[in-house]
Amino acid sequence: MTTPNPAHIEYLTRLGDNALILGQRMSEWCGHAPVLEEDMALANMSLDLIGQARMLLAHAGQLEGKGRDEDQLAFLRTEMHYRNLTLCELPNADFGRTMVRNFLFANFQVLLWERLLASSDSELAAIAAKSIKEARYHAQHAGDWVVRLGDGTAESHERTQAALDYLWPYTAEFFAANPSDEAAAAAGFGPAWSELEAAWESVVVPVLTEATLTVPARTPFKSFGKFGRHSEHLGHLLSEMQYMQRTYPGAQW
Amino acid sequence: MYTQALDIPQQNVDKAPRAVENPAYQAEFDAKIDAGGYIEAKDWMPEAYRKTLVRQISQHAHSEIVGMLPEGNWITRAPTLKRKAILLAKVQDEGGHGLYLYAAAETLGVSRDELLDALHTGKAKYSSIFNYPTLTWADIGVIGWLVDGAAIMNQIPLCKCSYGPYARAMVRICKEESFHQRQGYDLLLAMMKGTDEQREMVQDAVNRWWWPSIMMFGPHDKDSPNSAQSSRWGIKRISNDDLRQKFIDATVEQAKVLGVTMPDPELKWNAERGHHDYGAIDWDEFWNVVNGHGQGNVDRLAARVKAWEDGAWVREAALEHERKRAAREHRAA
């Protein structure tokens with residue numbers, strides 16, 4: 001086996017951790033959504049994301065060659081070794097914030113998967129082919145809600161605008177340039193995420209406008225989850241998610 | 001996931017009164033029931049038949065959505081990604097069962113909102129099994145094995161019940177429940193092959209869920225308050241005690257394969273009867289839980305009410321948006 005390219009593993013880990021951590025957050029809704037149809041939709045989208053995480057982390061583990069499987073990667077790393085976008089780990093808060101987050105993230109994911117269909121890593125290209133259908137549905141579902149909530153009642157408008165104001169600064173991280181991203185792009189594994197910014201804005205801004213929401217101006221705020229420096233929230237999410245694997249080391253389930 | 005079985009022995013069936021509202025329609029209705037046919041949403045039906053169905057179907061639907069809570073309690077802590085996916089899919093299926101059942105109830109002229117209101121205000125019951133807490137991961141397996149197993153025994157006869165929309169919903173639900181039961185059993189098999197701590201967790205969960213599971217079949221036939229009428233109407237087809245016995249006989253064998261014991265010293269094979277004998281059921285506990293004298297009931301209901309109230313602004317926004325959209329379309333036309 002050839003020596004693994006660290007940028008390749010890092011790239012896969014970012015994709016896998018985004019899906020894992022957002023899937024975990026979305027699963028918290030199960031049984032608590034505003035209507036039964038949304039309980040099912042959110043559980044279903046969480047399932048899609050967990051499925052994506054399994055494929056991506058298993059693939060990353062194989063390339064790494066240290067014998068770590070999807071579960072060891074998902075449950076037995078410490079905070080600084082997770083590479084998800086900070087946006088994915090933020091608490092759900094209300095349904096409005098959950099939908100705005102899904103909208104911002106799923107549209108980013110759609111653009112990524114589109115480019116990854118042509119990845120030089122054929123396994124990643126196959127994962128993209130499956131995942132893009134899911135991401136398109138997530139983007140459609142969340143976009144419909146953003147419009148309903150933004151252009152609904154005065155209360156829903158206010159809540160949705162507040163959610164957008166809160167989440168928007170974290171989207172700068174999607175596109176923050178960095179060497180491992182560029183190395184991955186150079187090797188043809190996938191696009192540098194910074195390349196996607198214009199396309200993403202051209203997709204999300206019209207929907208936000210239709211929802212009668214004001215797109216916030218960019219601020220100097222920076223978040224660094226994809227580089228392994230997270231918010232305070234990730235530690236709590238992990239302590240819950242990792243509980244069984246940490247309590248019963250080595251047990252099979 | 002299941003309805004509290006309220007049934008009586010078959011020999012009492014003919015003594016049951018028939019509702020009489022319109023003799024000509026009633027005769028047609030009775031003939032259809034007697035021939036084993038289905039009553040459909042647009043058919044005439046006695047008011048008492050309709051009410052009984054609304055009560056039973058909505059109670060069943062509420063049980064499905066309240067039932068999402070005890071299992072949902074472990075989604076975020078599932079030990080592997082595969083088990084997390086299985087559990088999510090299962091809980092999602094339960095939401096789906098709730099949805100078909102509310103839809104079946106709606107064919108009888110009630111709205112989902114009215115039914116939910118009855119749940120939230122405590123007027124409607126749901127299966128008391130969901131008031132018990134899920135304390136360890138093994139509970140997820142035991143719920144699949146015992147609770148879903150008991151639910152299947154209760155529900156298979158409903159696939160042939162006389163009300164068409166309910167019977168059809170039950171066919172689909174039973175298929176999914178059988179799958180859930182196998183997944184639960186598989187989870188337990190994996191744990192029993194593991195460490196002493198894992199086996200101890202499984203046995204502890206069996207100890208806690210066994211009696212509540214066999215109570216799911218409802219009171220003994222001699223004490224069943226309803227309903228000759230339900231049997232007469234073809235809504236109930238097999239008695240509580242017969243179903244319970246069938247479940248116990250099947251489950252004891254599965255427990256042997258698994259390597260766990262049931263918390264009932266009187267549980268043993270009776271060659272003469274060709275069935276297992278079992279110990280006395282603590283009906284005081286059953287009725288306490290059914291009647292909501294438990295903190296589990298308070299917590300489950302509070303969780304449902306909170307979800308509903310927290311979501312009110314979302315539902316209002318969706319309606320308001322639709323109204324605005326329709327008004328814009330109207331102006332454009």
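A note on names: the letters A, B, ... follow the listed sequences, proteins ahead of strands, and every chain is numbered from 1.
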Residue L237(A) versus chain B: region with a heavy atom under 4.5 Å: neither
Taking every non-hydrogen pair under 4.5 Å, which of G95(B), G141(B), A312(B), G194(B) racks up the most with chain A? G95(B)
Side chain to side chain contact (heavy atoms under 4.5 Å, CB included) partners of A89(B), counting only residues at least two apart: L47(A)
Considering residues at least two apart in sequence or located in another chain, which fulfil the side chain to side chain contact (heavy atoms under 4.5 Å, CB included) criterion with A129(A)? L117(A)
Where does L81(B) contact chain A at under 4.5 Å (heavy atoms): side chain, backbone, both or neither? both
For chain A, find which of V91(B), L319(B), L99(B) contributes the most heavy-atom pairs closer than 4.5 angstrom. L99(B)
By a 4.5 Å heavy-atom criterion (distance strictly below it), what part of A78(B) contacts chain A: side chain, backbone, both, or neither? backbone
Atom pairs, donor to acceptor, chain B/chain A, distance under 3.5 Å:
unit_1  : atom_1 : unit_2  : atom_2 : d
T76(B)  : O      : Q24(A)  : NE2    : 3.0
T76(B)  : OG1    : E240(A) : OE2    : 2.4
P79(B)  : O      : Q245(A) : NE2    : 2.8
L81(B)  : N      : D71(A)  : OD1    : 2.9
R83(B)  : NE     : W253(A) : O      : 2.6
R83(B)  : NH2    : W253(A) : O      : 3.1
K84(B)  : NZ     : Q24(A)  : OE1    : 2.7
Q92(B)  : NE2    : M40(A)  : O      : 3.1
Q92(B)  : NE2    : N44(A)  : OD1    : 3.4
R112(B) : NH1    : E37(A)  : OE1    : 3.1
R112(B) : NH2    : E37(A)  : OE1    : 3.4
R112(B) : NH2    : E37(A)  : OE2    : 2.5
Q198(B) : NE2    : Q252(A) : O      : 2.8
R304(B) : NH1    : G31(A)  : O      : 2.7
R315(B) : NH1    : P34(A)  : O      : 2.9
H321(B) : ND1    : D151(A) : O      : 3.0
K324(B) : NZ     : D151(A) : OD1    : 3.1
K324(B) : NZ     : G152(A) : O      : 2.8
R328(B) : NH1    : D151(A) : OD2    : 3.4
R328(B) : NH2    : D151(A) : OD2    : 3.0

Is it the backbone or the side chain of A33(A) that comes under 4.5 Å from a heavy atom of chain B, or both, or neither? backbone
Taking only residues two or more places apart in sequence or in another chain, which ones pass side chain to side chain contact (heavy atoms under 4.5 Å, CB included) with P165(B)? E40(B), A104(B), T107(B), Y163(B), R168(B)
When every non-hydrogen atom of G31(A) is compared with those of M68(B), the smallest separation belongs to N-CE, 4.1 Å
G98(B) to L36(A) - nearest heavy-atom pair and separation: C-CD2, 3.9 Å
Counting only non-hydrogen atoms closer than 4.5 Å, does M192(B) touch chain A with its backbone (N, CA, C, O), its side chain (CB onward), both, or neither? neither
Give, as side chain, backbone, both or neither, the part of L69(B) having an atom under 4.5 angstrom from any heavy atom of chain A. side chain
